[in-house]
Colleague: 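Following this message is one structure expressed as structure tokens.
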There are 2 protein chains.
Amino acid sequence: MARVVVDVMLKPEILDPQGEAITGACGRLGFAGINGVRQGKRFEVDVEGEPDEERLEEIRNMAGTLLANPVIEDFEVRVE
Amino acid sequence: MARVVVDVMLKPEILDPQGEAITGACGRLGFAGINGVRQGKRFEVDVEGEPDEERLEEIRNMAGTLLANPVIEDFEVRVE
């Protein structure tokens with residue numbers, strides 16, 4: 001069994017109010033030197049068998065359908 | 001400026017209903033060979049200066065305070 005990780009982040013041009021709230025909280029709580037935070041999602045997918053290119057293409061397909069909204073989010077699939 | 005990534009995942013012993021819902025949906029939508037999915041969060045933190053060990057320790061401190069709930073979540077900090 002292999003573990004494939006799918007990282008989903010808002011596209012850079014999409015506003016991220018959660019990330020901005022965290023950035024603001026860092027300043028107020030005294031964590032200095034933090035210029036910005038963006039929040040996204042991480043999925044750990046346990047797949048059967050070897051994660052070859054064909055299998056990864058299936059996972060990319062699944063990620064674009066189920067895990068991410070490709071209109072506003074980018075995603076990246078990698079074996080871990 | 002450096003980018004530090006903080007991955008936050010539920011501890012393995014904590015139930016993840018969102019992940020289970022996704023696993024179920026994979027089956028129903030015909031994405032075969034997926035044994036399990038766990039959902040977590042990914043934060044991209046833009047920090048000033050070089051991310052040396054001292055800086056990373058500050059980020060770990062911030063992550064444990066602001067980004068993760070250490071009672072139910074594990075987190076990992078890495079430079080990307």
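Chain identifiers are assigned alphabetically (A, B, ...) following the order of the sequence lines, protein sequences preceding nucleic acid strands; residue numbering begins at 1 within each chain.
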Colleague: Apply the hydrophobic cluster definition, ILVMFWY joined by side-chain contacts under 4.5 Å directly or through others, and give me every member besides A:Phe31.
Modeller: A:Ile22, A:Leu29, A:Ile34, A:Val37, B:Val4, B:Val6, B:Val8, B:Phe43, B:Val45, B:Val47, B:Leu56, B:Ile59, B:Met62, B:Leu66, B:Leu67, B:Phe75, B:Val77, B:Val79

Colleague: How is the hydrophobic cluster of B:Leu10 composed, in terms of its other members, when Ile, Leu, Val, Met, Phe, Trp and Tyr link through side-chain heavy atoms under 4.5 Å apart, directly or indirectly?
Modeller: B:Ile14, B:Val71, B:Ile72

Colleague: Considering only heavy-atom distances, could you tabulate the donor-acceptor pairs under 3.5 Å between chain A and chain B?
Modeller:
unit_1, atom_1, unit_2, atom_2, d
A:Asp7, OD2, B:Arg42, NH1, 3.0
A:Ala32, O, B:Arg55, NH2, 3.0
A:Gly33, O, B:Glu48, N, 2.9
A:Gly33, O, B:Arg55, NH2, 3.1
A:Asn35, N, B:Asp46, O, 2.8
A:Gly36, O, B:Asp46, N, 2.8
A:Arg38, N, B:Glu44, O, 2.9
A:Arg38, O, B:Glu44, N, 2.9
A:Gly40, N, B:Arg42, O, 2.6
A:Gly40, O, B:Arg42, N, 3.0
A:Arg42, N, B:Gly40, O, 3.0
A:Arg42, O, B:Gly40, N, 2.6
A:Arg42, NH1, B:Asp7, OD2, 3.1
A:Glu44, N, B:Arg38, O, 2.9
A:Glu44, O, B:Arg38, N, 2.9
A:Asp46, N, B:Gly36, O, 2.8
A:Asp46, O, B:Asn35, N, 2.8
A:Glu48, N, B:Gly33, O, 2.9
A:Arg55, NH2, B:Ala32, O, 3.0
A:Arg55, NH2, B:Gly33, O, 3.1

